[in-house]
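Notes follow the structure.
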Amino acid sequence: MTDMPVGERQQLAPPSDDTGILGWVRKNLFSSWGNGLTTIVLIVAMVWILSGFLEWALFTANFTASTGSECRGGGACWALIREKFRYIFFGSFPYEQHWRPLFAVISMLAMLVLSADRRMWNWRLLVIWSVGSFITFLLMFGQLHIPLSLMLFVALAGGTIGLAMRSAVADPTERSAYYALIVIGLIGLALRIFGVLPSWSLAIAPLSYVETSLWGGLPVTLILATYGLLFAFPYGILLALGRRSNLPLVKGLCVGFIELIRGVPLISLLIMASVMLPLFLPSGTTIDKFLRAQVAVILFAGAYIAEVIRGGLQSLPKGQFEAADAMGLNYPQKTLLIILPQALRVVIPPLINTFIGFFKDTSLVLIIGIFDFLNTANQALVDPNWAGFPGEVYLFAAFVYFIFCYSMSRYSKYLEVELNKGTRR
Amino acid sequence: MQARLIAAAVGLAAVVLGATGPAQAGKDLDAVKARGMVNCGVGTGTAGYMIADSQGKWRGLSVDVCRAVSAAIFGDSEKVRYIPLTSQQRFTALQSGEVDMTMGNATYTLTRDTALGFDFTGVYYYDGQGFLVPKKLGVKSAKELNGATICVAPGTTTELNLADYFRTNKMTFKPVVIEKVDEIRAAFFSGRCDVYTTDASSLAATRAANVPPPQTIDDYMILPEIISKEPLGPVVRHGDNQFADIVRWALYAMIEAEEYGITSKNVDEMLKSENPSIKRILGVTPGMGKALGVDEKWVYNIVKQVGNYGESFDRNVGMGSPLKIARGQNALWTQGGLQYAPPIR
């Protein structure tokens with residue numbers, strides 16, 4: 001019976017205790033006496049902890065109490081979150097206008113989600129961020145006054161950057177458009193400085209004005225993190241390039257700045273911005289506290305991002321630089337077309353790591369009296385009517401932070417796979 | 001643009017040279033009026049004194065003083081911009097002009113009143129170090145605390161005051177020194193010490209919020225003895241005496257209104273009162289508002305919209321609030337307390 005050719009032997013299914021759920025359990029959880037025992041101990045411990053938690057968080061929890069004292073004695077007091085969630089999310093923003101920060105948050109999230117899609121990584125990105133930022137700040141402030149000089153400056157900057165980046169590939173019409181922008185910007189600014197043009201500004205005022213001292217909660221956290229990183233990113237790239245520059249002055253400035261900022265904690269920068277800076281300004285001149293914090297976050301994030309990007313720059317083989325030189329590309333072309341695309345791809349995981357870190361670090365602004373998401377949660381704890389339930393509030397805050405940070409980390413994973421398609425076998 | 005630059009350069013030079021130019025009278029008040037808002041610095045959340053409620057509105061005893069100032073200047077107690085400041089920031093923000101006044105629960109001391117360039121315009125709350133004990137300890141006075149175990153934060157004046165008090169009264173105590181407030185509270189409520197000592201307002205907040213079930217707020221009491229002076233007052237910058245006057249008298253008006261029994265409920269009837277003092281206070285007999293440089297109905301507006309001192313105290317920190325702080329030193333002088341307003345005449 002054993003002389004049957006191999007291919008004609010009857011194919012038996014593997015033993016039933018080797019496949020399916022049972023097989024997996026056997027193989028992974030009970031493969032030996034020791035492992036089996038560990039599994040059982042851990043399961044018992046997990047059930048014990050989880051049942052305690054669920055008992056507290058679900059079965060004996062109070063969802064409906066109308067005051068804190070009704071809540072006492074039982075399990076978790078989720079009624080507190082029900083009472084306070086609008087404050088925790090939106091802070092002191094006028095209560096009846098909470099739809100404004102709500103839509104501002106939605107607009108910012110939409111902006112982030114859209115720019116997460118690689119198909120948008122071209123001129124569309126610029127449109128998405130311009131429109132999204134405009135909507136966000138219009139909703140938050142209610143009124144925007146865009147001064148003429150700012151518009152002229154944007155025209156000048158846009159023309160210059162466009163010309164620098166696209167001079168090799170642009171057709172004559174596009175190029176003359178950039179020249180036109182530069183000329184309009186330059187002449188306009190000159191006329192404005194000599195007082196020929198009036199200090200006019202475009203007023204867009206569909207809603208009541210809400211100043212930054214009233215902002216709070218999630219929009220503040222999102223704005224500080226998003227715009228902090230948005231501005232820190234190009235700034236960090238410039239610092240990283242400057243640090244590798246051959247010009248001693250540029251290099252020295254960049255190194256000095258990076259080391260100075262990295263050598264001090266973010267808290268000290270924030271305190272400098274909020275306590276020291278006002279003393280140096282003439283009395284009566286105040287710079288918005290929120291803006292000061294935002295600038296401190298940008299400077300700090302910039303230094304860290306610069307170091308991450310420098311890592312990417314240094315990982316490139318020297319041949320890439322030399323090949324670019326050999327092809328006769330000038331410095332902007334070499335950097336923008338050859339070096340940065342490769343360097344940035346390498347540093348995406350550490351960059352997102354930095355982003356996640358900064359999203360959470362923005363909560364440090366609570367020490368200068370800005371009510372970000374964590375600080376409004378803290379405020380909810382102070383209310384004497386509802387005090388005494390820190391666990392519930394912090395769990396809630398942690399849950400919201402987790403949603404944001406976890407989605408960022410999943411996105412980084414996806415991006416890593418997506419960008420490395422070309423190099424994977 | 002150029003003017004701004006020059007102003008900035010001049011300002012910088014002034015700071016560098018340490019020169020503070022002569023203050024123009026009334027410039028802060030003018031700025032407030034031009035803005036249509038009082039910029040009021042508040043702390044970042046102290047139960048009963050300054051805290052944003054569930055709808056994000058600022059409430060509390062300190063906040064009510066800002067509202068009274070706004071009511072006196074604008075006839076509307078809601079024209080206040082609250083600027084949350086930490087205790088490091090509160091004085092800088094006042095010096096730099098970011099706020100017009102701060103209510104950051106600052107203790108009135110000589111150095112702050114003089115060297116920092118500020119004026120304290122009064123005392124809206126007499127705070128001081130007190131003792132929190134469980135009722136089952138059976139103690140009615142701090143004098144009976146001989147040999148007690150006492151929880152206290154290290155390196156503070158609180159610790160020094162405690163030692164002084166016990167030495168003066170020839171008593172001994174066992175200190176349990178713990179750095180973090182949360183841990184002190186936990187140690188106290190778990191019975192590791194008999195007594196917890198810190199500022200009385202903070203003791204009241206602890207008692208209102210942190211008593212672990214099944215015990216209740218009624219199982220604990222704050223002893224009547226207060227062993228240190230922590231008067232809390234509104235603070236303004238040097239340089240605008242008229243604005244300082246308005247802040248000073250807005251608080252006095254609240255206290256004076258309580259003394260004459262004028263409340264937010266009966267203020268309209270009080271307008272018809274025959275008492276000459278009340279007629280003067282409420283502006284029925286004109287003169288007071290003019291002297292202060294505000295509307296003649298300034299006290300009426302304060303009392304109607306904010307309430308008198310007693311009402312505000314009761315609503316925010318007193319028996320009508322979860323904190324349940326007794327009036328104690330903050331009762332009117334006519335009732336054995338320290339709250340005393342100079343006459344409005």
Side-chain angles (χ1 to χ4, degrees), chain A residues 67-69 71-74 80 83-88 90-96 98 149 192-193 195 199 211 213-214 216-217 271 274-289 366-371 375-376 378-390, chain B residues 1-2 4 7-16 20-21 27 31 39 41-48 51-58 81-86 88-93 95-99 182 204-206 208-214 216-217 237 239 317 321-323:
Chain A
T67 65
S69 43
C71 250
R72 261 173 239 286
L80 162 67
E83 165 81 13
K84 292 281 184 189
F85 79 95
R86 280 181 70 167
Y87 180 74
I88 296 178
F90 303 128
S92 285
F93 208 92
Y95 192 71
E96 56 290 344
H98 274 181
S149 38
R192 178 74 196 83
I193 288 169
S199 65
E211 53 216 331
S213 63
L214 291 175
I271 292 197
S274 81
V275 180
M276 298 300 290
L277 189 67
L279 292 179
F280 298 139
L281 293 173
S283 70
T285 318
T286 51
I287 301 176
D288 189 88
K289 190 160 78 170
L366 77 87
I367 58 142
I368 59 167
I370 290 176
F371 285 71
N375 206 5
T376 48
N378 265 329
Q379 279 287 300
L381 291 178
V382 183
D383 187 340
N385 290 311
W386 287 94
F389 305 101
Chain B
M1 188 70 203
Q2 268 178 331
R4 286 279 297 274
V10 170
L12 199 64
V15 171
V16 170
T20 49
K27 72 176 161 57
N39 284 350
V42 290
T44 51
T46 310
I51 178 178
D53 68 8
S54 302
Q55 305 203 345
K57 276 215 169 2
W58 284 90
R81 178 187 289 150
Y82 298 101
I83 299 182
L85 300 167
T86 60
Q88 294 93 18
Q89 288 176 307
R90 57 188 179 189
F91 294 135
T92 317
Q95 278 164 338
S96 70
E98 193 180 341
V99 296
D182 294 335
T206 302
N210 299 85
V211 176
T216 64
I217 179 166
R237 265 187 306 282
V317 298
S321 78
L323 296 184

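Reckoned from all heavy atoms, side chains included, excluding hydrogens, waters and symmetry mates. Letters A, B, ... are given to chains in the order of the sequence lines, protein chains preceding strands, and every chain is numbered from 1. Just so you know, these numbers come straight off a predicted model, no measurement behind them.
Contacts of A:I367 with chain B are made by backbone atoms alone, with heavy-atom separations under 4.5 Å and no side-chain atom involved. Interface residue A:F371: only side-chain heavy atoms are found under 4.5 Å from chain B. The contact between A:E211 and chain B is made entirely by side chain atoms (from C-beta outward), counting heavy-atom distances below 4.5 Å. With a 4.5 angstrom heavy-atom cutoff, B:S321 does not touch chain A via any of its atoms. For a residue to count as touching a neighbouring chain, one of its non-hydrogen atoms must lie under 4.5 Å from one of that chain's; by this rule B:F91 does not touch chain A. When heavy atoms are compared at a cutoff of 4.5 Å, A:I88 does not approach chain B at all.
Contacts of A:K289 classified as salt bridge (Lys or Arg N to Asp or Glu O under 4.0 Å), with partners at least two apart in sequence or in another chain: none.
When all heavy atoms of A:Y87 and B:A52 are compared, the closest pair comes out as OH-CB, 3.2 Å. A:G369 approaches B:T86 most closely through the heavy-atom pair N-CG2, 3.7 Å. Summarising the geometry of B:D53 relative to A:K84, their closest heavy-atom pair is C-NZ, 3.9 Å, with the distance given to 0.1 Å.
Of the listed residues (B:I217, B:L323, B:T92, B:T46), the greatest number of heavy-atom pairs within a distance under 4.5 Å of chain A belongs to B:T92.
B:Q55 places no side-chain N or O within 3.5 Å of a backbone atom of A:Y95 that could act as its donor or acceptor partner.
Here the side chains of B:W58 and A:S92 are in contact, with some heavy-atom distance below 4.5 Å. Using a 4.5 Å cut-off on side-chain heavy atoms (C-beta onward), B:R81 and A:S213 make contact.
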